[in-house]
Amino acid sequence: MTTTFARRSAALLACAAFGFATSAFAQDKTVKIGVLNDMSSLYADIGGPNSVVAIKMAVEDSGLLKKGWKIDVISGDHQNKPDVGVNIARQWIDNDKVDAIADTPNSGVALAVSNLVKEKNSVLLNSGAASADLTGKACTPNTVSYTYDTYMLANGTGKALTKAGGDSWFFLTADYAFGHALERDTTAVVTANGGKVLGSVKHPINTADFSSFLLQAQSSKAKVVGLANAGGDTTNSIKQAAEFGIVQGGQKLAALLLFINDVHSLGLKTAQGLTFTESFYWDMNEQTRAWSKRFSALANKNAMPSMTQAGNYAMVLHYLKAMDALGSNPHDGAKVVAKMKELPTDDPLFGKGPLREDGRRLIPAYLFEVKKPQESKGPWDYYKQIATIAAEDAAKPLKDSECPLVKK
């Protein structure tokens, strides 16, 4: 009888322990976000430590901390190497129990991490990587892309310059996934609008000397030299193009991806007149100005936010909104992303807009031109808006999508 009683007591204790564990898991209100980007090289200004600042602002503004949630933000430097990025992401997910990886500028890194995140059923919150393949043929139920992509850039800058008479192009292209996708998507837009591509040359990422590439562009006699690169590569190629007299010789430079940090680095004297496409500018309206002022006070060198840093804020805010709606952390990436797609997006920087089934956040884009020095009214007053690109035109139509998640 004693043995029977002991067995019953043990069974009851086991059930109670299981019930407690289940209840504790059901009420798990801890979240860990890993910010994975370039912290020290050519993309550090557009992402880097200031992306961490933006994401910590989103955590604070989400209101979840006051509701008893514990949200940790950690960061790592992927050094623009896919293998390094994947190794950090794997360590974070397996050992540090990171729920979501954010930012990931460098499309090669982002595509590799997206595959890992799907395998591990975690979440990739992409703001930094531009390849439209992340919501196209490489889309997964665990990855979302905010802010911009190569399709948006091509259909903004590429279309505008071609229609304005720039009907022959030569590309300087960063030799990895991002550059290839941007050249591909811009070529499609140029040819669809009656233009032609006379050639292209690939350059290694983080190139210091563009002289041989620029000489090829110059000798092509193309009306437009398209820079299918980003960050330090863009600023270096623009500076050296000025030395070679590219623009003075009658060719136009198309900075297919330009950030406010790049303009700040170049200075208005060098950057004036550049036409480019972005989905965010700090001086768009009262809400963007108020948020950007808060950001600048916290940011390294009191910088104004780049488009991708603003996207990180909005994206993490929506991710945490989905967690709140779920009531707890299910530790199920696909489930969280599904909730993100179900909920309407609304934030002070990009406003309202759907998160589509392919993982692409629909937002308008804007064609900007860099002001002349005499037009600027103060620090960081660099852009004048030329045109607005409707949200449905800034993203590839679902009917043309290669994403296997899209029902046609």
Side-chain angles (χ1 to χ4, degrees), residues 46 105 107 128-132 145 147-174 178-200 214 217 220 222-231 233-238 241 246-247 250-263 266 268 270-281 284 306-308 311 360 363-371 382-396:
I46 61 181
S107 294
S131 175
S145 284
T147 321
Y148 77 122
D149 62 15
T150 51
Y151 182 93
M152 182 194 95
L153 301 173
N155 280 275
T157 312
K159 184 183 287 186
L161 291 179
T162 305
K163 285 189 168 184
D167 56 5
S168 61
W169 286 63
F170 185 95
F171 289 98
L172 263 66
T173 302
F178 154 68
H180 299 170
L182 186 49
E183 181 184 330
R184 175 199 69 202
D185 291 349
T186 308
T187 296
V189 168
V190 169
T191 54
N193 286 277
K196 57 186 175 180
V197 175
L198 303 183
S200 69
L214 288 165
S220 75
K223 292 180 182 177
V224 181
V225 178
L227 304 178
N229 52 22
D233 283 335
T234 301
T235 55
N236 280 338
S237 49
I238 290 170
I246 296 281
V247 176
Q251 291 175 295
K252 185 167 182 66
L253 274 185
L256 293 168
L257 178 54
L258 194 71
F259 293 90
I260 193 165
N261 319 77
D262 301 327
V263 176
L266 287 165
L268 291 181
T270 302
Q272 61 182 309
L274 285 171
T275 305
F276 56 98
T277 304
E278 290 204 55
S279 60
F280 175 83
Y281 176 47
M284 292 289 291
S306 71
M307 168 174 62
T308 57
R360 180 73 161 89
I363 43 177
Y366 307 94
L367 193 66
F368 291 112
E369 184 179 292
V370 178
K371 290 183 174 181
Y382 296 154
Y383 294 2
K384 54 184 176 184
Q385 187 177 326
I386 304 300
T388 298
I389 302 160
E392 56 270 23
D393 295 327
K396 192 171 190 175

Can you measure from [atom1] ([X]) to [atom2] ([Y]) and round to the nearest 0.5 angstrom?
X	Y	atom1	atom2	value
Asp167	Leu161	CG	CG	11.5 Å
Ile238	Asp262	CD1	CG	7.0 Å
Arg360	Lys396	CZ	NZ	12.5 Å
Leu268	Tyr382	CG	OH	6.0 Å
Leu367	Asn155	CG	CG	12.0 Å

- Query: Does the separation of the ring centres of Tyr281 and Tyr366 fall below 6.0 angstrom?
  - Reply: no

Closest non-hydrogen atom pair between [X] and [Y], with its separation:
X	Y	value
Asn229	Ala174	CB-CB, 4.0 Å
Ala394	Ile363	CB-O, 3.7 Å
Lys223	Gly165	CD-O, 3.4 Å
Thr147	Ser279	O-OG, 2.6 Å

Do [X] and [Y] come close enough that some side-chain heavy atom pair is under 4.5 Å?
X	Y	value
Leu274	Leu253	yes
Phe171	Leu182	no
Val370	Phe368	no
Ser107	His180	no
Thr186	Leu153	no
Val263	Leu258	yes
Met307	Leu257	yes
Leu227	Leu172	yes

- Query: How are the rings of Tyr383 and Phe276 set to each other: parallel, tilted or perpendicular (split at 30° and 60°)?
  - Reply: perpendicular

Quick check: does any side chain N or O of [X] sit under 3.5 Å from a backbone N or O of [Y], one acting as donor and the other as acceptor?
X	Y	result
Ser168	Lys196	no
Asn193	Val189	yes
Tyr148	Gly128	yes
Ser306	Ile46	yes

- Stepwise side chain to side chain donor-acceptor pair (under 3.5 Å) test for Asp185 and Thr150: CA-CA 6 Å; Asp185 291 349; Thr150 51; 2.6 Å; yes

- Query: Does the pair Lys252 and Thr275 meet the rule for a side-chain contact (heavy atoms from CB on, under 4.5 Å), with working shown?
  - Reply: CA-CA 10 Å; Lys252 185 167 182 66; Thr275 305; 4.1 Å; yes

- Task: Apply the test side-chain contact (heavy atoms from CB on, under 4.5 Å) to residues Trp169 and Thr162: give CA-CA distance (whole Å), side-chain angles for both, the deciding distance (0.1 Å), then the verdict.
- Result: CA-CA 9 Å; Trp169 286 63; Thr162 305; 3.4 Å; yes

- Go through the steps for Thr157 and Thr277 under the test side chain to side chain donor-acceptor pair (under 3.5 Å), then give the verdict. CA-CA 6 Å; Thr157 312; Thr277 304; 2.7 Å; yes

- Message: My understanding is that only residues two or more places apart in sequence, or in another chain, count here; which of them pass salt bridge (charged side-chain N to carboxylate O under 4.0 Å, His left out) with Lys384?
- Response: Glu369, Glu375

- Message: Can you tell me which residue among Thr234, Thr308, Thr235 is in a side-chain contact (heavy atoms from CB on, under 4.5 Å) with Phe259?
- Response: Thr308

